[in-house]
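Structure, as structure tokens:
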Amino acid sequence: MSESGIKKLSQERTREWLDSQAASAEDEELESIAESSVVDSLDYDYTEYEDDGDQNTSEEISTMTLGTQIATKKQNIISDTIRDLMNSINSIQTLGNVNISNSTNVHIGNVTNINGNIQIIAEGLSQNRRDRRNASPKARNSNTHFDYDYQDESEERVQSDVFIRRQKFKIPKELCSIIPRHSWLAQKPMEDPQPLQLPVKYVVILHTATESSEKRAINVRLIRDMQCFHIESRGWNDIAYNFLIGCDGNIYEGRGWEAVGAHTLGYNRLSLGIGFIGCFMKELPTTDALNMCRNLLARGVEDGHIASDYRLVCHCQCNSTESPGRRLYEEIQTWPHFYNIEEEEQ
């Protein structure tokens, strides 16, 4: 028999095998997968052989047309081939009707668990995404808790690093999120706090004269140590500041918006005290920390805690001290609402 005839016969046998499987296989994809798994090798010796001991076994056979009559010695090779074929079919994980009762913690199909930070890599916007962005100014994804503002994609919605065009950067912080007292395990004030008369006319900027850190855990420890020192050593009712800002870009609640602080002698009942965690004689706090201070001031005005024409002053203007540090003092003088107390006294 010629080579083309053998090949045609093999294809007919393959088709017969598939037809016989159709009665028991409900999945329509079975046939296409089986056909794609059949490899017709021109290198294979199609010489007919019988079961009585064919010695033409020197060639390595990796694949074979389904339905080919083979010798007993070849059974292991064909069994492996069929097993691989069935494994490829089973990997599709197609399901018919499923009935589950009196069961808990059941899942069907593959499960992928992701541990650690998620990195977003965007090589560019597709046309559909650009059309969607132009059509809708805001899109929300409740599954991943991301909230994107397509009109201003630089606005932060999450506190994680993002990779755009494989360049890593931190999204600038525009929101004013205040970490409450219970999150840094604050102890209760020794006595009920005295209420501030709102809106306050002054805001005093200070530094804590401690170490600084860009890690939240270290800042939490520093704030707890400060509260303990202010209560036990200074004899004050609570931590001195109304708010503290760390170089990690977080705002930590001290005494809050409505309580009189103990930060600036002569101004405690007239002002809010905002303390930067660290010592800023020669260097500035991080950009995130400075931005969050501005955001805190804006939120205080919007919520009615700070007067719209408030006066921004530094601790060294009110008392004999280096606080908030010479470098930070120079920076605060460039901010809106900065007030020169010496000019008022003259």
Side-chain angles (χ1 to χ4, degrees), residues 137-138 147 149 151-152 154-157 171-181 189 192-208 237-247 249-277 280 284-319 321 323-325 327-346:
K138 290 188 177 181
D147 183 4
D149 187 343
Q151 292 181 343
D152 183 8
S154 66
E155 186 170 353
E156 185 190 36
R157 289 293 182 265
I171 301 178
K173 296 191 173 183
E174 299 295 337
L175 302 180
C176 182
S177 178
I178 299 174
I179 297 176
R181 290 172 61 92
D192 292 337
Q194 299 179 7
L196 268 174
Q197 185 175 354
L198 302 178
V200 295
K201 185 70 174 179
Y202 291 89
V203 176
V204 181
I205 303 297
L206 315 91
H207 72 184
T208 61
N237 185 40
D238 196 355
I239 192 168
Y241 315 102
N242 295 92
F243 295 97
L244 299 101
I245 300 178
C247 285
N250 286 316
I251 303 172
Y252 299 88
E253 181 185 20
R255 299 198 182 193
W257 295 111
E258 301 179 354
V260 174
H263 47 83
T264 308
L265 184 64
Y267 285 82
N268 291 324
R269 297 180 179 274
L270 307 173
S271 66
L272 285 171
I274 301 176
F276 283 85
I277 302 174
F280 303 102
L284 285 173
T286 61
T287 302
D288 286 343
L290 295 173
N291 287 339
M292 292 309 284
C293 183
R294 295 187 185 96
N295 295 340
L296 182 65
L297 295 172
R299 175 175 174 178
V301 173
E302 291 176 359
D303 294 347
H305 303 299
I306 303 174
S308 59
D309 59 344
Y310 70 93
R311 297 173 176 179
L312 184 64
V313 298
C314 291
H315 191 195
C316 59
Q317 295 177 261
C318 308
N319 298 149
T321 177
S323 174
R327 185 68 184 89
L328 182 54
Y329 177 44
E330 293 173 358
E331 169 68 20
I332 298 300
Q333 292 182 65
T334 65
W335 288 19
H337 293 273
F338 175 77
Y339 184 70
N340 193 330
I341 297 179
E342 295 179 355
E343 292 181 359
E344 181 184 61
E345 293 176 350
Q346 291 176 358

Surrounding [atom1] of [X] (heavy atoms of other residues, nucleotides or ligands, distance under 6.0 Å), is the total greater than 12?
X      : atom1 : result
Gln333 : CD    : yes
Arg269 : CZ    : no
Leu198 : CG    : yes
Asp309 : CG    : yes

What is the minimum heavy-atom distance between [X] and [Y], and which atoms define it?
X      : Y      : answer
Leu297 : Ile306 : O-CD1, 4.0 Å
Leu284 : Leu290 : CD1-CD1, 4.5 Å
Glu253 : Arg181 : OE1-N, 3.2 Å
Tyr252 : Ile179 : CE2-CD1, 3.6 Å
Asn340 : Gln317 : CA-NE2, 3.9 Å
Ala259 : Pro193 : CB-CB, 3.7 Å

- [ ] Could you check Lys201 against Leu270 for side-chain contact (heavy atoms from CB on, under 4.5 Å), going step by step and ending with a plain yes or no?
- [x] CA-CA 6 Å; Lys201 185 70 174 179; Leu270 307 173; 5.9 Å; no
- [ ] Any chance you could lay out the side-chain contact (heavy atoms from CB on, under 4.5 Å) test for His305 and Val200, step after step, and finish with the verdict?
- [x] CA-CA 6 Å; His305 303 299; Val200 295; over 6 Å; no
From [atom1] ([X]) to [atom2] ([Y]), nearest 0.5 Å:
X      : Y      : atom1 : atom2 : result
Ile205 : Cys316 : CD1   : SG    : 11.0 Å
Ser177 : Met292 : OG    : CE    : 6.5 Å
Arg327 : Phe280 : CZ    : CZ    : 12.0 Å
Ile332 : Cys293 : CD1   : SG    : 5.5 Å
Ile178 : Ile245 : CD1   : CD1   : 9.5 Å
Tyr310 : Ser271 : OH    : OG    : 13.0 Å

Task: Glu258 and Pro195, any side-chain heavy atoms less than 4.5 Å apart - done: no
Task: pair Leu244-Ile239: side-chain heavy atoms closer than 4.5 Å - done: yes
Task: Partner of Asn242 under side chain to side chain contact (heavy atoms under 4.5 Å, CB included), chosen from Leu272, Ile274, Val203, Val260 - done: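 Result: among Leu272, Ile274, Val203, Val260, Leu272 is the only option passing the side chain to side chain contact (heavy atoms under 4.5 Å, CB included) with Asn242.
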TODO: Using the six-membered ring wherever Trp is involved, compare the ring planes of Tyr202 and Tyr339 and label them parallel, tilted or perpendicular (cut-offs 30° and 60°).
DONE: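 Because their plane-to-plane angle is over 60°, the rings of Tyr202 and Tyr339 count as perpendicular.
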Open item on the list: I'd like to know whether Val313 forms a side-chain contact (heavy atoms from CB on, under 4.5 Å) with Thr264, so could you lay out the CA-CA distance, the side-chain angles of the two residues, the decisive distance to 0.1 Å, and finally the verdict.
Closed with: CA-CA 11 Å; Val313 298; Thr264 308; over 6 Å; no
- [ ] Could you pull out all residues at least two apart from Tyr329 that satisfy ring-ring contact (aromatic ring centres under 6.0 Å, His included)?
- [x]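 Applying ring-ring contact (aromatic ring centres under 6.0 Å, His included) to Tyr329 gives none.
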TODO: Quick one: list whatever passes ring-ring contact (aromatic ring centres under 6.0 Å, His included) with Phe243, sequence neighbours left out.
DONE: Trp257
Determine whether a donor-acceptor pair (N or O, by modelled atom type, separation under 3.5 Å) exists between the side chain of [X] and the backbone of [Y].
X      : Y      : value
Asp288 : Cys247 : no
His337 : Leu312 : no
Asp238 : Arg255 : no

Open item on the list: Between Glu302 and Arg299, does any side-chain N to carboxylate O distance fall below 4.0 Å?
Closed with: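 A salt bridge is absent here (no side-chain N lies under 4.0 Å from a carboxylate O).
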